J.: 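Okay, here's the structure, questions in a sec.
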Amino acid sequence: MGYCVFHWFIGLFILFMLALGVYMTEFKDYSFYSLHKSIGAILLIFVILRIYWRFRNKFFEPITNQSVLLTRCAHSIQFLLITMTLVMPVSGIAMSYFSGNGLKVFDVEILARNIDDFGKKLPIDGSLASLFHEVHHYGGYIFIALILIHIFAAIRHIYRKENFVQRILGKNIEIK
């Protein structure tokens with residue numbers, strides 16, 4: 001039960017971060033940039049803990065009345081979701097670092113800005129900053145698509161009355 005709460009807690013923050021990132025990108029409003037970076041950096045710690053827990057504990061047994069292809073798709077989506085929970089904060093932090101912006105978490109400097117003698121910000125590596133920007137930007141939209149697929153799969157389980165919520169909560173149920 002504890003993992004389920006932890007999972008939902010991280011999930012809600014991820015949804016908030018994705019929504020905030022899309023808002024900032026689409027409306028060119030970067031007033032939430034510091035908040036986005038701060039929460040993303042903190043979220044990385046929780047994501048690492050969640051990934052550690054996920055791989056230390058076994059995955060759910062597949063539902064036996066579904067096709068092998070559907071089972072493989074489900075495992076692939078779960079793997080990609082876990083991967084994206086790591087890719088997004090790492091690419092965001094790397095983008096900030098290589099662009100010379102450094103990293104502040106709620107005004108506490110974690111990575112120093114790269115500035116010249118006149119106080120002007122200097123990129124550490126502009127091409128890497130650009131690469132991580134692309135990964136972070138397009139990765140956000142890929143992540144949203146994966147989350148939507150995940151939600152539709154949950155709705156499918158509900159529609160088919162497969163008791164998946166009880167499985168998520170750790171209850172032993174008979175798998176049909």
Side-chain angles (χ1 to χ4, degrees), residues 2-57 59 72-154:
Y3 173 73
C4 185
V5 172
F6 188 58
H7 174 81
W8 280 95
F9 171 79
I10 290 175
L12 289 174
F13 269 98
I14 287 170
L15 289 175
F16 170 75
M17 292 295 285
L18 287 166
L20 188 57
V22 168
Y23 170 80
M24 290 188 312
T25 301
E26 296 301 319
F27 294 102
K28 307 289 187 240
D29 179 358
Y30 300 107
S31 59
F32 296 106
Y33 189 69
S34 293
L35 177 68
H36 186 78
K37 283 173 60 172
S38 295
I39 293 174
I42 292 170
L43 197 55
L44 177 61
I45 296 165
F46 290 104
V47 162
I48 290 169
L49 291 173
R50 182 173 178 272
I51 290 171
Y52 173 77
W53 188 94
R54 170 57 29 214
F55 286 104
R56 269 196 51 100
N57 294 279
F59 285 82
R72 286 186 181 151
C73 286
H75 287 159
S76 297
I77 295 295
Q78 289 172 4
F79 176 78
L80 289 170
L81 282 166
I82 290 169
T83 301
M84 291 308 292
T85 63
L86 188 60
V87 166
M88 291 304 293
V90 168
S91 64
I93 290 168
M95 172 179 55
S96 185
Y97 172 75
F98 287 115
S99 66
N101 285 318
L103 176 66
K104 283 187 176 181
V105 176
F106 296 110
D107 288 331
V108 175
E109 189 173 72
I110 306 299
L111 297 171
R113 292 182 74 211
N114 190 35
I115 53 175
D116 65 12
D117 294 336
F118 303 104
K120 183 182 175 196
K121 179 194 70 140
L122 296 173
I124 292 172
D125 187 326
S127 60
L128 279 177
S130 179
L131 171 68
F132 283 113
H133 176 269
E134 297 296 313
V135 168
H136 196 71
H137 178 81
Y138 292 110
Y141 291 107
I142 291 168
F143 202 4
I144 291 168
L146 291 169
I147 290 168
L148 289 173
I149 292 169
H150 192 62
I151 290 169
F152 287 127

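As the structure is a computational prediction, the values presented were derived from the model and not from experiment. Just so you know, residue 1 is the first one in the sequence shown, and it goes up from there.
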J.: Calculate, to the nearest 0.5 Å, the distance between atoms CE and CG belonging to M88 and L18 respectively.
T.: 6.0 Å

J.: Could you report the tightest heavy-atom contact between D29 and M24, atom names first, then the distance?
T.: O-CG, 3.1 Å

J.: To check you understand the geometry: which heavy-atom pair defines the closest contact between D125 and S127, and what is its length?
T.: OD1-OG, 2.8 Å

J.: Under a 3.5 Å distance rule, please check whether S99 uses its side chain to pair with a backbone N or O of P123 as donor and acceptor.
T.: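 Absent.
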
J.: Which heavy atom of F106 sits nearest to which heavy atom of S38, and what is that distance?
T.: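 Where F106 meets S38 most closely, the heavy atoms are N-OG, 2.8 Å.
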
J.: Is any side-chain heavy atom of L43 closer than 4.5 Å to a side-chain heavy atom of F16?
T.: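 A side-chain contact under 4.5 Å is absent here.
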
J.: Locate the shortest heavy-atom distance separating T85 from V47; write the atom from each residue and the value.
T.: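 In this case the closest contact between T85 and V47 is O-CG1, 3.3 Å.
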
J.: Within a 6.0 Å radius of atom CZ on F79, are there more than 12 heavy atoms belonging to other residues, nucleotides or ligands?
T.: no

J.: When you measure from the side chain of K37 to the backbone N and O of G92, does any donor-acceptor pair fall under 3.5 Å?
T.: no

J.: Surrounding CG of D116 (heavy atoms of other residues, nucleotides or ligands, distance under 6.0 Å), is the total greater than 12?
T.: yes

J.: Within a 6.0 Å radius of atom OH on Y52, are there more than 12 heavy atoms belonging to other residues, nucleotides or ligands?
T.: no

J.: To the nearest 0.5 angstrom, please state how far the CD1 atom of I10 sits from the CG atom of L49.
T.: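 CG of L49 is found 7.5 Å from CD1 of I10.
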
J.: In Å, rounded to the nearest 0.5 Å, how long is the span from CD1 of I144 to CG of L15?
T.: 9.0 Å

J.: Kindly write out the residues that satisfy ring pair (Phe, Tyr, Trp, His ring centres under 6.0 Å) with F143, not counting sequence neighbours, or none if the list is empty.
T.: none

J.: Give me the atom names and distance for the closest heavy-atom approach of I124 to Y97.
T.: CD1-O, 3.3 Å

J.: Should the ring pair Y141 and H137 be called parallel, tilted or perpendicular, given that the plane angle runs from 0 to 90° and is split at 30 and 60?
T.: perpendicular

J.: Atom NZ of K120 and atom CZ of R113: how far apart are they, to the nearest 0.5 Å?
T.: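 Answer rounded to 0.5 Å: 12.0 Å.
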
J.: Looking only at heavy atoms, what is the nearest atom pair of M17 and H36, with distance?
T.: CE-O, 2.8 Å

J.: Just do the side-chain contact (heavy atoms from CB on, under 4.5 Å) check on L86 and I82 with the steps written out, would you?
T.: CA-CA 7 Å; L86 188 60; I82 290 169; over 6 Å; no

J.: Indicate yes or no: at least one non-hydrogen side-chain atom of Y23 is less than 4.5 angstrom from one of F32.
T.: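 The answer is yes; the side chains approach within 4.5 Å.
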
J.: The criterion is side chain to side chain contact (heavy atoms under 4.5 Å, CB included); which residues satisfy it with L12, sequence neighbours excluded?
T.: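 Listed in chain order: nothing, the list is empty.
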
J.: What distance separates L103 CG from S34 OG, expressed to the nearest 0.5 Å?
T.: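 The distance works out to 10.0 Å.
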
J.: With side-chain contact (heavy atoms from CB on, under 4.5 Å) as the test, would you mind laying out the steps for I42 and F13 before giving the verdict?
T.: CA-CA 11 Å; I42 292 170; F13 269 98; over 6 Å; no

J.: Would you sort out whether T25 and V22 count as a side-chain contact (heavy atoms from CB on, under 4.5 Å), showing the intermediate values?
T.: CA-CA 5 Å; T25 301; V22 168; 5.7 Å; no

J.: Where the side chain of S76 meets the backbone of R72, is there a donor-acceptor pair that is under 3.5 Å apart?
T.: yes

J.: Nearest 0.5 angstrom please: I93 CD1 to F98 CZ, how far?
T.: 12.0 Å

